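Have a look at the structure below, then the notes.
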Amino acid sequence: MSDPFSINGGSAVAMVGKDCIAIASDLRLGNQSLGVSNNFEKIFGFGDKCFLGLTGLATDVLTLKETFRFKTNLYKLREERSIEPETLANLVSSTLYERRFGPYFVSPIVAGLGHKDNKPFICGFDSIGCIDFAKDFIVSGTASDQLYGMCESLYEPDLEPEQLFETISQALLNAVDRDALSGWGAVVYIVTKDKVVKRVLKTRQD
Amino acid sequence: MQTTVASEYSNEIHSVPIEHRFNPYSDNGGTVLGIAGEDFAVLAGDTRQVEGYSIQSRYEPKIFDVGDNIVMTANGFAADGVALIDKFRQQLKWYKFDNFGGKLEIKSAARYIQHLLYGKRFFPYYVSTLIAGLDEEGKGAVYSYDPVGSYEREQCRAGGAAASLIMPFLDNQVNFKNQFIPGTDGKEKKPLKYLTLEEVIELVRDAFSSATERHIYVGDGLEIKIVTKDGVRTEYYPLKRD
Amino acid sequence: MNHDPFQWGRPSNETYGAYNHQIANAGVPDNTTHASLDAFPKMHTQQPIITGTSVIASKFNNGIIMAADNVGSYGSLLRFSNIERLIKVGSETVVGLSGDVSDMQQIERILDELETSEEVYDNDGGDYLRAANVHEYLSRVMYNRRSKMNPLWNSIIVGGFYRDRTPFLKYVDLVGVTYSSSTIATGFGSHLAIPLLRNLIPEDKDYVKVDEQQITKVVEDSMRVLFYRDARSGDKYSQVIIKLDEEGKVVFEFTKEVKVENQSWRFAKDIRGYGSSQQ
């Protein structure tokens, strides 16, 4: 249990729907089995329709969140537009690979809509930046096994935003309830072409 | 006095010899699941047996009808699984000799299996054990065990390699966990109800095709044993073989 | 020469000074006595010594086939080239063994004893020692030995017939794990031969579509592939075919000293340093 990926706990998941995406995470921060915070969000926005989920070692989660805020701000100054999800994915990948032999202990996921064409995009990474492009869903964190089981059985393609919200919420909630290191609240972002809805879910508190 | 010259490998020398011990266990993969209904119970398992990355057999059944309308499985280390089930079968035979052929109730079978498992507390059977059948009232019953005999009666349970993938799905679809009545603001839970056999079979098939998709130790075939008051029936469905 | 076994193979103290066991980690120190050794736990077989490599086997429409080469390796040394690893048990069963050869010979003695007690004395009603019985017995022996932390270091395939004359093929290994399949191979065979055999018999039930000639050809190919790529294998092997003749009687065909034929080493000339040519 000195595995850096599971000291603090936490899980995240992203899904593609019809012209929309959803990305969600739990809110727990722990020190091994001791719960420390129930307000530790693991989803971060960069631009208005592009999101990054970071699970793993909390200190690296915070460091990388700031690193990407810095990098995406510079990008916006230079390009005079927000970063595209595909571009963010490659930025994450190269940033992680820079630390190939002393990695950040995180498993990031990216989800968003293209700024012009509103094309849904999701992907996941390992801790050294290998990108996993998926058409359906991406999971990460200490409840990833449980999330795989839930998503593989609940997911169907081309869901409308409200149905997608229900699916991702049920997948996340039931998965984290079977993981001692995840839970303590959850947050879901539903992203459609003209708005982003953030919902904080009522969950078990054990 | 030290006179022998230290070799350049002296930093590799250990104070104790490297231990290379015989490992009496192996992991033969596979996953199992049991669900209890109102007047039936099912036990399901895939039929793949593995060792490392090799598939040893695509059809090696691991759910057994052990008699007295009880089905049993012990998933994990295959040799221990077979040994445990054989031992239980043999004890059941002796029980019948001693009790004029009387039926062994599932709760007694359950307690007895605890003793079989705990009997090897310090050299455990490396298995997740499940039994299923009908209780004294004719209601479906599933009992599940840890390797050393801690047990519990439950409505449903997944065991083995893909247990972590299947169990939350069962919480959600069998016990309706995290499901609420719309419009009640999450204050009123969706009421529990017994699932029909058809619904249960569909859940089991979905659970196994999902587990097969994401777990390399699961696949090839799905064998389900169904216990009703009329006896034990077997169904088989193919799974992906990759 | 000092005949004390604890002194064997040591540089002499007169020439090189006292031996420093701390540095060389060379096992028991000088002051060890046989009595002090008794304080150690009893040692069991913890590793194989002389080993036999793969056994391959398959069912076909009216019987089973099994093959194993005749090499006995001592680590990477080809120590023996005349080891017979297929043994006939009773009248219609063959047992193929890979792994430790001394343990194999112990199993031979156990099976001999089984045959003596079951085949000769307790023979009744046409119900004699069959493959399923031999396999069950062997699996109990293997599992009991592993449970005593004193395993017989082998992987075993048992082939023959069920009572209803359908082919029987089943495996058991040093930890007592068993399984049946239409195609089984041990060791390297499970990586190199199984794909060839399953190519002919994709699903377990398909063995009924395969005849003796087809399967013999694939076993021949498999033994050649194993000879090419398994460094512990040999080019001489034994083959057993157990089948039913037209009247439904069991025919036990034991072929010894089969050679791996039709080898092709043409690829070698294109690889620098592989053949004898200097480039």
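Just so it is clear: chains get the letters A, B, ... in the order the sequence lines come, proteins before strands, and each one is counted from 1. The structure displayed is predicted, hence computed values, not measured ones.
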Q: List for me each residue that meets side chain to side chain contact (heavy atoms under 4.5 Å, CB included) alongside B:Y217, sequence neighbours excluded, and say none if there are none.
A: B:D27, B:V50, B:A161, B:H215
Q) Is there any residue in residues 199-209 of chain C with a non-hydrogen atom under 4.5 Å from a non-hydrogen atom of chain B, and which ones are they? A) C:P202, C:E203, C:D204
Q | B:Y59 portion near chain C, given a 4.5 angstrom heavy-atom threshold | A | both
Q. In terms of heavy-atom pairs under 4.5 Å, which option from B:G81, B:P24, B:S57 contacts chain C the most?
A. B:P24
Q) Between C:S180 and B:E60, does any side-chain donor sit less than 3.5 Å from a side-chain acceptor? A) yes
Q: Answer yes or no: is there an ion pair linking B:D80 with C:R146, defined by an N-O contact shorter than 4.0 Å?
A: yes
Q) Contact part of C:L174 toward chain B, heavy-atom cut-off under 4.5 Å: side chain, backbone, both or neither? A) both
Got a list of side-chain donor-acceptor pairs under 3.5 Å for residues 200-211 of chain B, not counting sequence neighbours?
from   : atom 1 : to     : atom 2 : distance (Å)
B:S209 : OG     : B:R205 : O      : 2.8
B:S209 : OG     : B:D206 : O      : 3.3
B:S210 : OG     : B:D206 : O      : 2.9

Q) Applying side-chain hydrogen bond (donor to acceptor under 3.5 Å, both in side chains), which residue pairs with at least one partner in residues 91-102 of chain B are found, sequence neighbours left out? A) B:D68-B:K96, B:Q91-B:Y112
Q: Tell me, for B:Q49 versus chain C, whether the close heavy atoms (under 4.5 Å) come from the side chain, the backbone, both or neither.
A: side chain
Q) By a 4.5 Å heavy-atom criterion (distance strictly below it), what part of B:F77 contacts chain C: side chain, backbone, both, or neither? A) side chain
Q.
Is it the case that the side chains of C:D100 and C:S102 hold a donor-acceptor pair, with the cut-off being a distance below 3.5 Å and no angle test?
A. yes
Q) Less than 4.0 Å between a side-chain N and a carboxylate O, is that true for B:R233 and B:E235? A) yes
**Q.** Electrostatic pair B:D86-C:R140, nearest N-O below 4.0 angstrom
**A.** yes
(Q) Side chains of C:T186 and C:S98 only: does a donor on one sit below 3.5 Å from an acceptor on the other? (A) yes
(Q) If I measure from the heavy atoms of chain B, does C:Y179 come under 4.5 Å with its side chain, its backbone, both, or neither? (A) both
